[in-house]
There are 2 protein chains.
Amino acid sequence: MQFDINKTAAAPTCATQPTELRLSADEAARLATLAKALGHPVRVQIVELLSRYGGEVCVCDIERHFDLAQPTISHHLRVLREAGIIDGEQRGLWVHYRVAPETLEPLRRLLLGLQ
Amino acid sequence: MQFDINKTAAAPTCATQPTELRLSADEAARLATLAKALGHPVRVQIVELLSRYGGEVCVCDIERHFDLAQPTISHHLRVLREAGIIDGEQRGLWVHYRVAPETLEPLRRLLLGLQ
DNA sequence: CCACTATATTGACATTTGTCTATATAAGGA
DNA sequence: TCCTTATATAGACAAATGTCAATATAGTGG
């Protein structure tokens, strides 16, 4: 066995207090999922739009606002739906979407806490 | 020229009112950038942590909370920094990060509007 | 049952993201 | 000046994302 004869004096240590996480891994993952679902301009527009026309917005109307193929809009609606941020309801041939009001509450609380 | 003799009766149309976007493309893009930067559990944890220890958190401390290689943490800090959500300041060998309080305001307002 | 319409799904493909290892940079102390 | 440490950057690579064309699904009405 050898001594480490080249060992130098201990480096100065960082002066800050050690911190602790408050969010569980699950909470952080849930918040990240919500934020990620809002992380595209088209989805931001869709959610903002739905929020102002409570429950009465048809996919055929949403599509008009974007220069994107229909399956692309359908994809963005699915991302929001799977995150629980919006809900769709069939009405005859059409589907109407609305914002699910409770879903974004944890993210809202996070952002208010960061203030 | 031909008549379309197979033309059927007009389909029923969707009964909902046409809607309008309120966000400009730039506003939507900015909001999406902020949300996307928060769209990873590690970044959610980092921002929540920084918000509770205002301006006094060393990278060396942040790293301790995650089972990830140092460059990976550095990458997440960079994503948050480039979105303007956090700022870093060199302190000797160390770098301290803090939340930039104004940056997330537009996202906060969006979420409050969705309530 | 058949034709038509609105929306969703599938599959392909380029781009972006998250992670790592290796290396660079910059600050401090001997 | 040289060594050590903290953090950042570069590069590689697998996985996820955004887009489209093609197709499937489901509802309406003849």
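Letters go in sequence order (proteins before strands), and every chain restarts at 1. Quick caveat, the model's predicted, so the values are computed rather than measured.
One finds a side-chain N or O of Lys36(B) lying less than 4.0 angstrom from the OP1 or OP2 phosphate oxygen of dT17(C). Within the 4.0 Å cut-off from OP1 or OP2 of dA6(D), not a single side-chain nitrogen or oxygen of Tyr97(B) is found.
Distance CZ (Arg91(B)) to C1' (dA26(C)): 17 Å, rounded to an integer number of Å. Rounded to a whole Å, the CD atom of Glu89(A) is 15 Å from the C1' atom of dT7(C).
Of the possible polar contacts, one joining the Thr103(B) side chain to the Gly84(B) backbone as a donor-acceptor pair under 3.5 Å is found.
A heavy-atom distance below 4.5 Å is not found between the side chains of Leu31(A) and Glu48(B). Looking at Leu107(A) and Leu107(B), their side chains never come closer than 4.5 Å, going by heavy atoms from C-beta outward. With a 4.5 Å cut-off on side-chain heavy atoms, Arg81(A) and Tyr97(A) count as touching. The closest side-chain heavy-atom distance from Leu34(A) to Leu38(B) is not below 4.5 Å.
A salt bridge does not link Arg98(A) with Glu56(A): none of the charged nitrogens is closer than 4.0 Å to a carboxylate oxygen. With respect to the salt-bridge test (charged N to carboxylate O, under 4.0 angstrom), the residues Arg30(B) and Glu27(B) do not qualify. Under the 4.0 Å criterion applied to side-chain N and carboxylate O atoms, Glu20(B) and Arg22(B) are not assigned as salt-bridge partners.
Near-neighbour residues of DNA chain C inside residues 37-50 of chain B, defined by a heavy atom below 4.0 Å, number-ordered: His40(B), Arg43(B). For the segment residues 63-81 of chain A, the set of residues with a heavy atom within less than 4.0 Å of an atom of DNA chain D comprises Leu68(A), Ala69(A), Pro71(A), Thr72(A), His75(A), His76(A), in numerical order.
Along DNA chain D, the nucleotide nearest to Gln90(A) and the one nearest to Asp61(B) differ in position, and the one closer to the 5' end is contacted by Asp61(B).
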